[in-house]
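Just below is one structure, and these are the notes that go with it.
Scope of the values below: all heavy atoms of this structure, side chains included, with no hydrogens, waters or symmetry mates. Remember, predicted model here, so these are calculated numbers, not experimental data.
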Amino acid sequence: CSRWNGCTNTTKASLESPSVNLSLEAERYSVLIENGLIDPDNFEMAVRESHKTNESLGNVLVSMGFVEEEDLLNAIAESAGYGFVKLTDFSPPQEIVNLVPAQVADHYNIIPFHLSPDNILHIAMSDPLDMHLQDDLRRVLNMEVEPVAATSKDIEVVEMALSEYA
């Protein structure tokens with residue numbers, strides 16, 4: 001997705017944090033501590049709140065004001081080797097958008113925005129680490145997909161703009 005402004009390819013970084021006993025979900029977000037985006041005490045507080053409310057840790061971190069969604073997604077995507085795209089910086093081509101039926105895009109809250117020469121569909125999603133979603137999309141679309149992180153707000157803005165033209 002390097003031809004798209006705002007989309008960066010990243011390298012895999014370690015998710016290990018020696019100072020905190022973490023669940024699997026918390027482990028993937030510990031990169032925020034490593035990158036200095038959140039204090040370890042606030043992180044632990046958010047982990048406890050996430051367990052208590054059964055809300056995703058990412059949502060809790062953002063709702064408690066410990067980290068901005070864009071910073072969280074950028075760090076998580078970078079740690080997993082995925083890109084991050086600022087969807088409001090461009091309009092996805094209609095022929096790419098049309099590769100995913102509207103009901104599928106709405107159901108999964110995704111925006112297709114690029115088809116690579118090797119026929120891999122790059123899809124913006126707010127949780128690029130959701131392997132079940134990736135598997136579902138591959139099966140439903142019958143093509144290879146590459147997840148790219150995008151804020152839920154950006155996805156909503158683009159979805160609303162696309163629905164006006166549908």
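Side-chain contact check for L87 versus V157: every heavy-atom pair is 4.5 Å or farther apart. Residues E70 and K153 form no side-chain contact, since every pair of their non-hydrogen atoms from C-beta on lies 4.5 Å or further apart. Side-chain contact between L129 and R28 is present, with at least one heavy-atom pair separated by less than 4.5 Å. With a 4.5 Å cut-off on side-chain heavy atoms, L137 and M143 do not count as touching. Considering only heavy atoms from C-beta on, N109 comes within 4.5 Å of E159 through its side chain.
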Test N98 against Q94 for side chain to side chain donor-acceptor pair (under 3.5 Å), laying out the working first. CA-CA 6 Å; N98 291 342; Q94 193 63 47; 2.9 Å; yes
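Heavy atoms only, all atoms of each residue included: F43 and A26 are closest at CZ-O, 3.3 Å. For I155 against A124, the heavy-atom pair with the smallest separation is CD1-O, 4.0 Å. Here the shortest heavy-atom pairing between Y29 and L57 reads CD1-CD2, 3.7 Å. Between Q134 and P128, the shortest heavy-atom contact is NE2-O, 2.7 Å. Listed here is the closest heavy atom pair of F113 and I96: C-CG2, 3.5 Å. Summarising the geometry of A150 relative to F84, their closest heavy-atom pair is CA-CE1, 4.2 Å, with the distance given to 0.1 Å.
Across D118, N119, I120, a single residue satisfies side chain to side chain contact (heavy atoms under 4.5 Å, CB included) together with E144, and that is I120.
Residues satisfying the salt bridge (Lys or Arg N to Asp or Glu O under 4.0 Å) criterion with D71, sequence neighbours excluded, are absent altogether. For the side-chain contact (heavy atoms from CB on, under 4.5 Å) test, residues two or more places apart in sequence or in another chain that qualify with V100 are V104, A105, I110, P112, L121, L141. In terms of the side-chain contact (heavy atoms from CB on, under 4.5 Å) criterion, S63 has no residue partners (sequence neighbours excluded).
Proximity of a side-chain donor or acceptor of N35 to a complementary backbone N or O of L37 within less than 3.5 Å is not detected.
For the residue pair S116 and E146, no side-chain donor N or O sits within less than 3.5 Å of a side-chain acceptor on the partner.
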